[in-house]
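Read the numbers this way: they start at 1 and go in the same order the structure lists the ligands and their atoms.
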Amino acid sequence: MNKYNLDKEHQITNKTLFDNRRKIMKSMISLPFIFSSNLFSMPSRQKLKFNKDIEYSTNEETNTIKQITSYNNFYELGSGKRDPMLNANMLQTNNWKLTIDGLVEKPLVLDADDLIKKFQLEERIYRLRCVEAWSMVVPWIGFELKRIMDIVKPLSNAKYVAFQSILDREHLPGQKRNILNWPYQEGLRIDEAAHPLTLISVGLYGQVLPNQNGSPVRLIVPWKYGFKSIKSLVKISFVEKEPICTWNEEAPNEYGFYSNVNPHVAHPRWSQKRERRIGDFRKRDTLMFNGYSKFVNNLYDNMDLKKHF
Ligand code: MTE
């Protein structure tokens, strides 16, 4: 064995050792990383059966389950971004009933089991753009609101749809104070409600909704600011007149009835031109109708969107 071989062997041994050490180090680094991203201590929830939608889903990277469940707006559970996660167990979801009534041929009451068994569920990966200039991408699971409309059959004088969240002053910490005029209410024009993008969501990331995201059933309207996507729904009513919407009632000059995502119309206190995707450092441009223009443009033909913001 010459010096050269010895050296070579020495090098090989060192390289193997080095590689092994690297592997061990890497696994030590990735362990806490795994726990801090997708597999963090989120209790497992009921799994859902669903098809994957490709027509309306974005192929952008989804936010992690941790981001989606720890940075929320749900004033019933508190007004801080972490409050809904910290107070999640204060939302009582047992024996949930969703009533669909008003100007319809056949009113309907659905319980939580109906909501996940009566309808063919789909995964829709949607961008959600909050009025506060941040956004997320979420793999929602649900079905089109239109499926409910096909069952209840709205009458011809039904022009709008009114949505109402749970009222439970005894348990919900945010409802012990009048920070908003409870219950939280929202509304859509009937053609917006019937649009295929408008989703009734019962889950995300393959399982039923976590409480902080609006368990057991919520609305998702991806081309409008996030506050239109009302959580923990107890009532959907078909009505003739434009319904009261909580944030519009609270500050009509700041939050319009339509609240379509529109980079050309600033909020009175900040621009809506850019947004920060949760988890990103850099800001990105906000897209008209949150990037859903080709699907929803025609809903607003001949409307002045600066006036009807
Ligand atoms: N629904 C109810 N009932 N109460 C709320 O406070 N906040 C809205 C909307 N739905 C809210 C609500 C706002 S401002 C946003 S941005 C979205 O929920 C946030 O949904 P997420 O927490 O699932 O991301």
Do Y300 and F289 have ring centroids that are under 6.0 Å from one another? yes

Quick one: nearest non-hydrogen protein atom to atom 17 (C) of ligand 1, plus distance? G226 O, 3.5 Å

What protein heavy atom lies closest to atom 16 (S) of ligand 1? Include the residue and the distance to one decimal. C130 SG, 3.4 Å

So which heavy atom in the protein is nearest atom 22 (O) of ligand 1, and how far is it from that ligand atom? K231 NZ, 2.6 Å

Output yes when the distance from some N or O of ligand 1 to some N or O of Y71 is under 3.5 Å, and no in every other case. no

Test of proximity, Q212 against ligand 1: N or O pairs below 3.5 Å: no

If we ignore hydrogens and angles and just use 3.5 Å, is the side chain of K235 paired with the main-chain N or O of S165 as donor and acceptor? no

for atom 7 (N) of ligand 1, nearest protein heavy atom and its distance come out as N73 O, 3.2 Å

If you scan protein heavy atoms around atom 5 (C) of ligand 1, the nearest is Y184 CE1, 3.3 Å

Who's the nearest protein heavy-atom neighbour of atom 10 (N) of ligand 1, and how far? S229 O, 2.9 Å

So, R277 and S135: side-chain donor and acceptor under 3.5 Å apart, yes or no? yes

May I ask you to decide whether D191 forms a salt bridge with R189, counting only side-chain N to carboxylate O separations under 4.0 Å? yes

Around atom 24 (O) of ligand 1, find the nearest protein heavy atom and jot down its residue, atom name and distance. L128 CD2, 3.8 Å

Any donor-acceptor N or O pair under 3.5 Å, side chains D111, W96: no

Would you call K146-D150 a salt bridge at under 4.0 Å N-O? yes

